[in-house]
Amino acid sequence: MNQTEPLNIPTYQKEDFASDQTPRWCPGCGDYSILAQLQRVMPAIAEQTQTPRENMVFISGIGCSSRFPYYMNTYGFHSIHGRAPTLALGLQVSRPELMTWVVTGDGDALSIGGNHLMHCLRRNLNVKILLFNNRIYGLTKGQYSPTSELGKRTKSSPLGSVARPLNPLSIALASQATFVARAVDRDPKLLQDVITQAALHKGSAIVEIYQNCNIFNDGAFAHVSERKSRDDNTLKLQHGEPLVFGRQRDKAVVLNEQLQPRVVATSEISESDLLIHDTSRDNSGLTYALSQLQYPEFPVPVGIFRALKAPTYEERVHQQVNEAKRQKPATALQQLLDSGETWRVAE
Amino acid sequence: MNQTEPLNIPTYQKEDFASDQTPRWCPGCGDYSILAQLQRVMPAIAEQTQTPRENMVFISGIGCSSRFPYYMNTYGFHSIHGRAPTLALGLQVSRPELMTWVVTGDGDALSIGGNHLMHCLRRNLNVKILLFNNRIYGLTKGQYSPTSELGKRTKSSPLGSVARPLNPLSIALASQATFVARAVDRDPKLLQDVITQAALHKGSAIVEIYQNCNIFNDGAFAHVSERKSRDDNTLKLQHGEPLVFGRQRDKAVVLNEQLQPRVVATSEISESDLLIHDTSRDNSGLTYALSQLQYPEFPVPVGIFRALKAPTYEERVHQQVNEAKRQKPATALQQLLDSGETWRVAE
Amino acid sequence: MLQEPKDKHSPNTHLSQAIIRFAGDSGDGIQATGAMFSHNSAALGHDISTLPDYPAEIRAPAGTIAGVSSFQLNFSSRRIHTPGDRPDVLVAMNPAAVKAHISSLRPGGTLIVNDDGFDEQALKLAGYDKDPREDGTLDSYHVHRAPVSTMTVESVKALQLAPQQAALCKNMYTLGLVCWLFDRDTDFIEALVEQRFAQESEVLREANCMALRAGYNFAETTEMFSSQCRVETAEQSPGLYRRLSGNTATALGLVAAAQLAQRQLMYCTYPITPASDILHELAKLRHMGVIAGQTEDEIAAMGAAVGAAYGGSLAVTGTSGPGVALKSEAIGLAVMTELPVVIINVQRGGPSTGLPTKTEQSDLLQAMYGRNGECPVVVLAPDSPADCFTMAMEACRLAMKYMTPVFLLSDGYIANGSEPWQVPRVDQLPQFRTNEPVCSETQSQFLPYSRNPETLARPWVVPGTPGTEHRIGGLEKQDGTGHVSQDPLNHEQMVQLREQKIAGIAEDIPELDVFGSSAGRLLVLGWGGTGGAIRAAVEEAQAKGLDVACAQLRYLNPFPKNLAAVLDAFDQVLIPELNRGQLRQLVRAQYLVDAQGLNKVQGQPFHTSEILEKIENLCQQPSEAVA
Amino acid sequence: MLQEPKDKHSPNTHLSQAIIRFAGDSGDGIQATGAMFSHNSAALGHDISTLPDYPAEIRAPAGTIAGVSSFQLNFSSRRIHTPGDRPDVLVAMNPAAVKAHISSLRPGGTLIVNDDGFDEQALKLAGYDKDPREDGTLDSYHVHRAPVSTMTVESVKALQLAPQQAALCKNMYTLGLVCWLFDRDTDFIEALVEQRFAQESEVLREANCMALRAGYNFAETTEMFSSQCRVETAEQSPGLYRRLSGNTATALGLVAAAQLAQRQLMYCTYPITPASDILHELAKLRHMGVIAGQTEDEIAAMGAAVGAAYGGSLAVTGTSGPGVALKSEAIGLAVMTELPVVIINVQRGGPSTGLPTKTEQSDLLQAMYGRNGECPVVVLAPDSPADCFTMAMEACRLAMKYMTPVFLLSDGYIANGSEPWQVPRVDQLPQFRTNEPVCSETQSQFLPYSRNPETLARPWVVPGTPGTEHRIGGLEKQDGTGHVSQDPLNHEQMVQLREQKIAGIAEDIPELDVFGSSAGRLLVLGWGGTGGAIRAAVEEAQAKGLDVACAQLRYLNPFPKNLAAVLDAFDQVLIPELNRGQLRQLVRAQYLVDAQGLNKVQGQPFHTSEILEKIENLCQQPSEAVA
Ligand SMILES: Cc1ncc(C[n+]2csc(CCOP(=O)(O)OP(=O)(O)O)c2C)c(N)n1
Ligand SMILES: Cc1ncc(C[n+]2csc(CCOP(=O)(O)OP(=O)(O)O)c2C)c(N)n1
Ligand code: SF4
Ligand code: SF4
Ligand SMILES: [Mg+2]
Ligand SMILES: [Mg+2]
C-alpha cells in the first residue's frame, strides 16, 4: 500500500480544501480564522510534502473545535471525545503514507484525552495535532476546562475553579514531543507559518492555538491578540534569534544563576548574554523552562519551541517488519499452520 | 466528620501495620522490601502526623504492586487498573482528615492510568503516591511497560519495543506535582526517608520507586542498587547541598546557561560554581532538567526533587464551602425546594 | 382556532386547553420566551407541560433550518400529561421556523409570523423558492403577520439603545401579542423580567417590558386577531407550586436524600448533554455543603464516586449514554465491593454520539447488562419531570439501604421538559435508613462481608472507624471475611448473593399501579419518560369506550412483584418505547408474554395520537377467547 | 485403576480412555510436564483434551493451596470432547496438591505422590494436622509413593549441577514414572526436551533427559506399580495434526483471514489475562507482515482498531471482560461509522476483576447490549480450542463483508485448553469477499453510506483513494450521503438499517446442526466453550437410551435461521451455561420458549456428569403431551 512512485500532485487552490458543508460555529468564533488559515496553507503543504489531497486525513474528537474535519475537503473522521489520537495511531501505523492531522480542544485533548495525547507524543507518531485552546468547554456550553485559570467562574464552578490549570506545552515536552509550537487565532501570519512547519515536520507535532470562544470565554487571549498590546506581551520564538520582545524589541528573557527566568531590558545586558533560541536542542530543559513562562509576569512565547529530528513510531514498526522479513524470509501461511506441536497420521 | 479535637494516637509498632495476609509476590521480588520499609516507618509517620491507623487508607490499581494494600493492616482498596487516583479523589475530598496513599505500578500509573495521575497531581490532592517502577508488566507476565527501554525485548515485543519510555518524574513535574522523589527498593534508608517525607508533605506527593522484578526484568536497576557501583551511578539529592556524587564525592552535575547538564570533576570547578539543590523552587525548570538526567550519561538522581507548599485541592474545595456558607447562610432544604419559579394556589 | 373551536372568531372563546409553540433562530430567545409564558400559565392556575427542542450546535448558522430552536407549551384546565402533539398556535420568527414547524401546526391553527424576518436571503436559507406567505402554502391556517422587528425597535426608541440591542427585545414583543391573544395581562411577565434582569442594566429591563407592552397594545389596538380566547384554570389543591424541569428535580431529589440520610452529597461528573444541568444546579449549592465537581472524564467521575461512597458520602454520578459506557468497568467494581452509588443516565439518541440533544430510551439494556460478568444493579426510571425528584430520592434510599449501585434512567425529554410541582413539606418526606453496622459488628472479628439478614446488605463501615480496618477490591470476595477467594463454590455463592440482594428489593418497592380496570383486553405498559403520552392516549381511548388500561414502570430492576399478575390479567400487552423494544425484551424473557411493541426512534417523544392509534388498532382486532 | 478396570492389577490393561492430572507448586513445572505428556499422547494417535489451571498470582506462596498449579489431560481412542471430569491418575508433588485435588480423584484411582514434599512445614502450609498418607485419608485410592526429589538429584549427579538446579528436573522424573505406567517409551519426550532446550545449555537438556529415564527405569525396576496400562489409539483420518490451544488457534485464524482477504492484519490490544497469549503469538509474526501492538489501554486499542479499519486493514482487538467495558464507547463508534473490527473477548470470571485466571461465559449480554443506544453487532463463539481457528476466520469474514464490528466470545477454558487439530490445507480454505466499492461508486457523487443491496454494507473506501474524500463520525448519519443529520425519520431509518444489516446475516451463516434425532423429548442447547461437555453428556445419555439431542450455538447474533424450528421440535429445552442464564434470556425473549437453565458459576468448566445428571433428571419427569 506504500506509495513509492513519485506522485504527480495537482496544483491546489485554497477552495479545493473547503468541503460543501457550511461551518456551524458561532459568529465571531476563533475557529473560523483557524479554518481559513489552514485552508490557505494547504496547497503549499500539499506541494512541499508531495501529498495529494486524498492522502490527507483530519481526525477529531468531540467539541466545537472537533467539528473541523467536516469543513475540510479531505478524508475526515469526527470520532469520540478525547480519542482522536488513538484512531490516528491505528490509521497512521497501517498507512504511513497518509498525512494525518488531529484536531482537538483543550477539554478533548487534556481532560478526557490527556493520556492518549501523552502516549501519542512519546511514540513520535507522525501526526500533526492542532489543539484549539479556548480555556473552556464550548460545545457543552461553558464549563471550566483543564486550561481554565484557577478561580475561573463558569457554569460548573460558580465560585471559581479549584484546580491549577495544565500547561499543555510543558506536558508535551515532558512527553518528548518532537515538534512543539504555539499560535494565536488572531495572528494569521504566525498561524500559517506554524501550521506549515508542523506539516513539514516528520513525527508528532503539537500546535497549541489560542482560540477565542466569544460566547463562553470572550477575551481570554486579549493580551496576546489585541494589536496594541500583543508585541509587549508575546515573545516570538525564532530559531537562532535571541529571546527579545516588546514593541521596541527592548526587553529580553534571560535566566539567572539559579537558572530562574527573568525579564530584563536589553539595554541592561550585553548582547552576548542574550539567550539564543534553538529549536533543535535534544535536551528539553531550557525549552521546558520557556514553556513555563506565564503572563503577566512574563511574555507569552509563541512560535516554534522545538523541532527535533527523530524516527517516527511507524518507521520503527515498519523497519522491524522489514528487518524481520529480511532475517526470516516470509513464512507462507501453510508453513505457519504446519508448525508447532505436530504429528502425522499416516494413510 | 472532620476530626478537630487533638487525637490521642497510640504508639504503634511495625507489626501493627502488618495484616494477617501472607504476601503473594514471587520470592525475591523487590515489593517485599518496599513493604517492609513502609511498615517500618508507619509508626513514626502516624505519630508525627497524628494520624491514627484507622485514618490510613491504601488504594491501589491492578498489578503485582497493587496487591500492596492487602498486606497493610489499615483500610485498603484494591481497585481497578489505573484508576486508584480517581478513588482517592472521591475519598480524600469527602474525608480530608484521612491520609490516603496510592500504590501503583509503571503500567498502572503511566499506561492506562496516565491521565488520572496527571490530573491528580495538578489538583494537588493530598495523597501520597508510591509508583513501583519495574519497567515491565509483572502481573500479566512480562510485557513491556511505558517505562521499558526502547528496544526492550519482551513477550509482546520479541523484536524490541518501539516507543520511547516515559519519564515519570518529568511528567510529574510538568503536571505541577508539589512533592516529587525517587527511591530504590534495595536502599532501605533512602526509601524510609523519602516515604516519611512524602507522608509529611501536604499535597500530592509522588515517589517513583525503582523496583526489581526478578522474574520478568531482573537487574533492571542493578546500576543503582549494586553496592559497588551505586555511589558512582546515583546522585543523592539533598536540599541545600550541592549536586555532588561519586564514591569519593568527586563529581558534580552542573548546568550551563543553556540549561544543558554535564558532569564535571569537582576538582575542576570552584565551590561557588556548584549547583545547590533546592527542593522549594516554585519554578520547575531546573528541577525538570534534573529529572531528565539519564544513566549512563549521567548519574541517576535519587531522593527528593521537589517539596513545595501549596494549598491542596480538598482545602480549596472546603474553603469554598465554608466561604459560601459564611456569605450565604445555609439554606434549609425547605427553602431550597420552595425557590425557583413558584406560585401559590390558595385554599 | 383552538382545540374546542365552537365559535372560532367570536371574542373570548373559552377553552379547556391550548398548545402553543414558539419557533425561531437559536439566537432569538425562544427558550426564554417559552419559559416565561409557561411560568405565567402555571401561575394562572393551569396545568402545564413543556417541550424545549434545540439544535446540537451552540449556535447553528442563523436563518437555517438546522438553527431553528423551539419551545412548546401545553396548558390546560385539566390534568395533562404531555406538551401535546400538534400546536394550536405557532409563533414563527423567520422562514426557517415556518419551514421546520408548519407541518405540525394543527389544520385551522393560528400562525403568527414576524414579517420582518422574511427577506430574500432568509427565504433562501430556509430553502424556499417562493415566499410561503404568498404562494398558498399557508392557506389552511389563520395567518397573522406583524412586522415584529421594526415595531420592537420602534417601541423602545425612547431608550436610545443600539439598534442590535433593541432588536433583541423582539421576543418580548411577540410575547405581548400572545398575551393579548390569550387574554392575560402582562403584569406577571413584567415581574419575571424584573427578576431576570435584576442584576443587569435597568435599561435592558425597561426595554424588555416596553416591547412586551407594545406587543400587547398592538394586538389590542389593531385587532390583529379577530378574537381572544381564555383557557380555563385547573382545579389544584392548595399549596405552593413550582415549575420544575426534570434535571432540576433530580438535583433537588439528591440534595433532599443527602439531608434525610445525614450524609454528605458528593456529585462527581463530567459534563455531557443533556445531563450537565444537574451539575450546574448542584454547583450552586456549596453553601449547603454540597460538593459537586467535574473530573477529567467519566471514568474518573465513577471512580471518585466509588471513593466517596467508600468514605461514607452519598455518592452520585450523572452522565448520558456514552459516559455510561466509560463508567461501566468501575460500576462493576462498585457491584463487587457493594458500595452505594447512584448513576444517573439522562438518555439521548444513540448509538455513539448519536443525537446528543434529542431524547431516547435506548440505554435500558446497557444499564441492565453493560458490564462484564454477572453484575446486577438496581434500575429506576422517573416517569415525568417532577417524578425525577421522587425517584432520585428513591435511588439514594435503595443504594444506601442495600449497598448497591443504582441506575436512574432519565431522558432528554423529561430532563428538559417541565411541569408544575406541588412543593412537598420536608417534614413529610420519607425517613432514610442507611446500612451502618450495628455495634456488635465492629467488635471482635469484623466481617466486612457479613450481611444484614433482611436486606442482604453488607455493613457500610468507613475508613476512620477504629478497629474495623479491612481491605476490599475487585477480585472475588470470600463470603463474610471479604478476603480474596478463588474458591469455586464461594464464587457461585457470591454471584447468587449479589443476585438475590437485588431481586429481594422487590419486597421494598411499591406494587405497580394500573390505571383503568385491573383486567381486560389491552394493557399498555410503559416505562420512564413516556408516562405522560401513554396516560393521555389511554385516557382518550377509555373516553372512546375502549377496554384498555395502562401501567408505567418506574422500577425496572427488580420489577414490582405484582407485574406477573398484572400482565396475566390482560389479553394483550402493548409496550410503547423510544427504542427498538428493550423493555419488551426483558418482559418477554421473564414472563414469556407475547408483548407487542410500539417503537419510535426519532429522537422525539411519543405523540399521544401515535399511541392512541395503535391502541385503536389492537382493540379492533378480533379478541382471542380468554378463559 | 482406570476407566475400564476389568482386571485391575494385571499387566497391560487395555483401556479406551484415561484421565491424568498433574498437580504441584506453581514453580514445579506442572504446565510444561502436562504439555509434553499431551503432545506425546496426541502423537501416539490418541484424541486428547487438556485443562490447565493455575493461580492468579505470578508465583503464589510456595507450598500453599493458593499456589497449586494443575494440568489435566484426557486421552482416548475415541473422539472425546472434554478433559474429563475426574482423573483416574493424580500426580501430586506436595501436600497442598493432595489437599486441593484429592477429592476429584476417582474412587479407586491412582495417586502418585512425591514423598520428599511431605515435610512438616509443607503439611502445615497445606493445612494438614496429620500426614494424609498415614491417617487413612487416602485409603480409597491406590497410593504410590516415591522420593522423587531425592532420586532426581541422585539421577543427575554425574552432571554436577547445583542441588537447586538438579531438583528442578523432578517433574521429568515424575513424567518418567508416568510414561512407564502408560507403557510408552521416553523417546518422544526426549525429543521434545531436545527442542525445548535447543537454545539453552546442553547440561540442562541432558539433565532433564536423565531424570526422565531415571523415573522410567525406577518404575520398571521397582515394580512400583503393579501393572501397566495401555490406552488404545484412536482412528484418525490421515494427515498432519497439531496440538492447538484456543488462543493459538485464534491467532492463526486471524493471520489466515488477513491473507485470504489480502489485507494487512493489525492487532491492537492491551495485555490482559487470559487473552494476552493471542498478542504473544501474533507478535512473533512480524516477518509475515503482521502488526501486533500494545497500546496505552483498551480504549486506545479499540480506537486504534477503528483507525486501522478506516485505513483499510483487517483490524482486530482482543481482551477480556473488563477490557470490553472500556472499549464499549468506541465499539459504538465503529457501529455508527460501519467499519469492520473484530473484538475478541476471552471471557473470565466476573464481575469486576473477578477471577482473572478462571473461565466463565458471563459476557454474552455485555457483547449484545453493553453500549448506549441501539447498537447491534455480530456475536460469535467458538465451541472448542480448534474451533477458535474457524470462528476467528469467520469473524473476519463477516466483519469485512458486512462492514460491522463482530464479537468473538472465547473463554479461558478453550483459550488455554488444547486438542488435536488436523491442519487444513490453505488452498482449501474459504475465499473472502470484502466490501470494496464497485467502480461506479467512486465516480460522480460518492455516497459513503450507499448500500450494497444484498448485504446492506456500505462501501469500504479508504483514505488515499482519489475523488472519494468524505467525512464520517459518531453523530447520526444521513442515509446515503453520510452527512450529519438530526432528521427524526432519517434517524429511525438508520437505526433500522443497522438492525436489518445484522439480522440479514442469518442468511449467510450455517444452519444449526442437531446432534441426535431432530425432534424429541429434550434438546440441550449450548453455546461456545461448553460444547465438549454437552456433547459428551448427550452421547452418554443417548447410550443410556434417553431421548435427548444437543445443538451448540456458535452464532449468537444473529441466531441461525432454523433455530426457531429446532426449538419447536422438542418438548423441553435445557440451556447449560457458565453464567446465570444469559443465552436463556435471549432465547426466551426471542422465541417465548420456556427453556430451563443449568447454570454453573464456579470459574470451572462443566463436568460431563453434571450435565448428564440434569438430563436424566429432566427425562425422568413425566413428559407433557405434545401435539
Ligand atoms: C464520553 C463523552 N463525555 C462527554 C461528552 C460531552 N462533551 C462534548 S465536547 C466536550 C468538551 C468540549 O470542550 P473542548 O474539548 O475544550 O472543545 P471546545 O468545544 O471548547 O472546542 C464535552 C465534555 C461527550 N461527547 N462524550
Ligand atoms: C482494564 C484492565 N486491563 C488490563 C488488565 C490486566 N493487567 C493487570 S495488571 C497489568 C499491568 C501490570 O503492570 P504494572 O502496573 O507495571 O504492575 P506490576 O505488575 O509490574 O507491579 C495489566 C495489563 C486489567 N486488570 N484490567
Ligand atoms: S461556543 Fe465558543 S468555541 Fe464553540 S463555536 Fe461558539 S464561540 Fe466557538
Ligand atoms: S512478577 Fe515480578 S513484580 Fe510480580 S511479584 Fe513476581 S517478581 Fe514481583
Ligand atoms: Mg475548549
Ligand atoms: Mg510494572
Side-chain angles (χ1 to χ4, degrees), chain B residues 1 3 19 21 52-60 62 69-70 72-80 83-95 97-98 115-116 118-119 317 320-321 323-325 327-334 336-347, chain C residues 39 42-43 45 236-244 248 252 255-256 259 264 266 268 285-289 291 293 295-297 299-300 302-313 315 329-330 333 337 423-426 462-475 483-484:
Chain B
M1 237 170 260
Q3 207 75 44
S19 80
Q21 301 290 303
R53 189 178 60 183
E54 64 268 20
N55 277 14
M56 307 255 188
V57 189
F58 282 81
I59 303 182
S60 64
I62 301 282
Y70 290 120
M72 294 295 299
N73 190 15
T74 61
Y75 283 90
F77 204 136
H78 180 215
S79 75
I80 45 178
R83 318 303 177 190
T86 72
L87 275 89
L89 173 66
L91 179 62
Q92 193 63 26
V93 170
S94 74
R95 301 287 305 283
E97 75 277 20
L98 299 177
N115 201 36
H116 307 305
M118 190 161 90
H119 283 274
V317 170
Q320 230 175 47
V321 169
E323 179 64 11
K325 281 183 173 163
Q327 291 200 353
K328 197 170 173 184
T331 317
L333 176 58
Q334 188 67 63
L336 173 69
L337 301 184
D338 289 351
S339 65
E341 279 188 26
T342 58
W343 63 94
R344 192 169 286 280
V345 173
E347 307 256 346
Chain C
H39 191 178
Q236 289 175 310
S237 58
L240 185 70
Y241 284 78
R242 174 172 180 173
R243 187 169 83 90
L244 195 62
T248 306
L252 295 179
V255 176
Q259 288 226 357
Q264 156 143 326
M266 282 275 292
C268 313
L285 304 178
R286 286 255 146 124
H287 63 288
M288 292 181 73
I291 300 184
T295 52
E296 57 271 27
D297 62 12
I299 299 177
M302 186 65 209
V306 172
Y310 178 58
S313 292
E329 192 198 6
L333 180 65
T337 53
V423 186
R425 299 297 93 195
V426 169
V462 301
T465 319
T468 53
E469 290 85 353
H470 64 277
R471 274 68 53 192
I472 59 175
L475 287 163
H483 290 154
V484 173

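A note on names: the letters A, B, ... follow the listed sequences, proteins ahead of strands, and every chain is numbered from 1.
- Judged by distance alone, the side chain of B:Tyr75 and the main-chain N or O of C:Thr465 form a donor-acceptor pair under 3.5 Å.
- Neither the backbone nor the side chain of C:Ala305 has a heavy atom closer than 4.5 Å to any heavy atom of chain B.
- Closest heavy-atom contact between C:Ala304 and B:Leu89: CB-CD2, 4.2 Å.
- At a 4.5 Å heavy-atom cutoff, the contact between B:Leu336 and chain C is made by backbone and side-chain atoms alike.
- Residues B:Ser94 and C:Gln264 approach most closely at CA-NE2, 4.0 Å, considering heavy atoms.
- Between chain B and the residues C:His483, C:Glu296, C:Glu329, the largest count of heavy-atom pairs under 4.5 Å involves C:Glu296.
- Of the atoms belonging to C:Leu333, it is side-chain heavy atoms, and not backbone ones, that fall under 4.5 Å from chain B.
- Contact annotation: the side chain of B:Val345 approaches that of C:Tyr241 to within less than 4.5 Å [non-hydrogen atoms, C-beta and beyond].
- Heavy atoms of C:Ala315 lying under 4.5 Å from chain B are absent altogether.
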Tell me, with the steps shown, if B:Trp343 and C:Leu240 meet side-chain contact (heavy atoms from CB on, under 4.5 Å). CA-CA 6 Å; B:Trp343 63 94; C:Leu240 185 70; over 6 Å; no
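- A heavy-atom distance below 4.5 Å is not found between the side chains of B:Glu323 and C:Arg286.
- A salt bridge does not link C:Arg242 to B:Glu341: none of the charged nitrogens lies less than 4.0 Å from a carboxylate oxygen.
- Contact annotation for C:Leu244: neither backbone nor side-chain heavy atoms come within less than 4.5 Å of a heavy atom of chain B.
- The structure places OG1 of C:Thr468 at 8.5 Å from CD of B:Glu54, a figure rounded to the nearest 0.5 Å.
- For B:Ala88, no part lies near chain C; criterion is any non-hydrogen pair under 4.5 Å.
- Taking CG of C:Leu475 as the start and CD1 of B:Ile80 as the end, the distance is 12.0 Å to the nearest 0.5 Å.
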Evaluate the side-chain contact (heavy atoms from CB on, under 4.5 Å) criterion for residues C:Leu285 and B:Lys328: first the C-alpha distance (whole Å), next the side-chain angles of each, then the deciding distance (0.1 Å), finally the verdict. CA-CA 10 Å; C:Leu285 304 178; B:Lys328 197 170 173 184; over 6 Å; no
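- Among all heavy-atom pairs drawn from B:Val57 and C:Pro463, the shortest one is CG2-CB, 3.6 Å.
- Interface residue C:Ile291: only side-chain heavy atoms are found under 4.5 Å from chain B.
- When side chains are defined from C-beta on, B:Tyr70 counts as touching C:Val484, because their heavy atoms get closer than 4.5 Å.
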Under the side-chain contact (heavy atoms from CB on, under 4.5 Å) rule, what do B:Met56 and C:Glu469 come out as? Steps first, then yes or no, please. CA-CA 9 Å; B:Met56 307 255 188; C:Glu469 290 85 353; over 6 Å; no
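- In terms of heavy-atom pairs under 4.5 Å with chain C, the best-connected choice from B:Ser339, B:Pro85, B:Pro69, B:Ala332 is B:Ser339.
- Between the side chains of B:Gln327 and C:His287, not a single donor N or O lies within less than 3.5 Å of an accepting N or O.
- No other option in B:Gln334, B:Arg83, B:Gln320, B:His78 has as many heavy-atom pairs under 4.5 Å with chain C as B:Gln334.
- Between B:Thr86 and C:Met302 there is no side-chain heavy-atom pair separated by less than 4.5 Å.
- Looking at C:Thr248, neither its backbone nor its side chain comes within 4.5 Å of chain B, counting heavy atoms on both sides.
- Taking C:Gly474, C:Ala330, C:Gly473, C:Gly303 one by one and counting their heavy-atom pairs under 4.5 Å with chain B, the maximum is reached by C:Gly303.
- Looking only at distances, a side-chain donor or acceptor of C:Arg471 sits under 3.5 Å from a matching main-chain atom of B:Met72.
- For C:Val423, the part sitting under 4.5 Å from any heavy atom of chain B is the side chain, from C-beta outward, and nothing else.
- Residue contact with chain C, scored on non-hydrogen atoms closer than 4.5 Å, involves the backbone and the side chain of B:Val321 alike.
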Give the intermediate values and the outcome of side-chain contact (heavy atoms from CB on, under 4.5 Å) for residues B:Val93 and C:Met266. CA-CA 9 Å; B:Val93 170; C:Met266 282 275 292; 4.1 Å; yes
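- No part of B:Ser60 comes within reach of chain C, as not one of its non-hydrogen atoms sits under 4.5 angstrom from that chain.
- B:Arg95 contributes a side-chain N or O that, together with a main-chain N or O of C:Gly311, makes up a donor-acceptor pair within less than 3.5 Å.
- When each of C:Ala256, C:Ala309, C:Gly45 is checked for heavy-atom pairs under 4.5 Å with chain B, C:Ala256 comes out on top.
- For C:Gln236, the parts lying under 4.5 angstrom from a heavy atom of chain B are both the backbone and the side chain.
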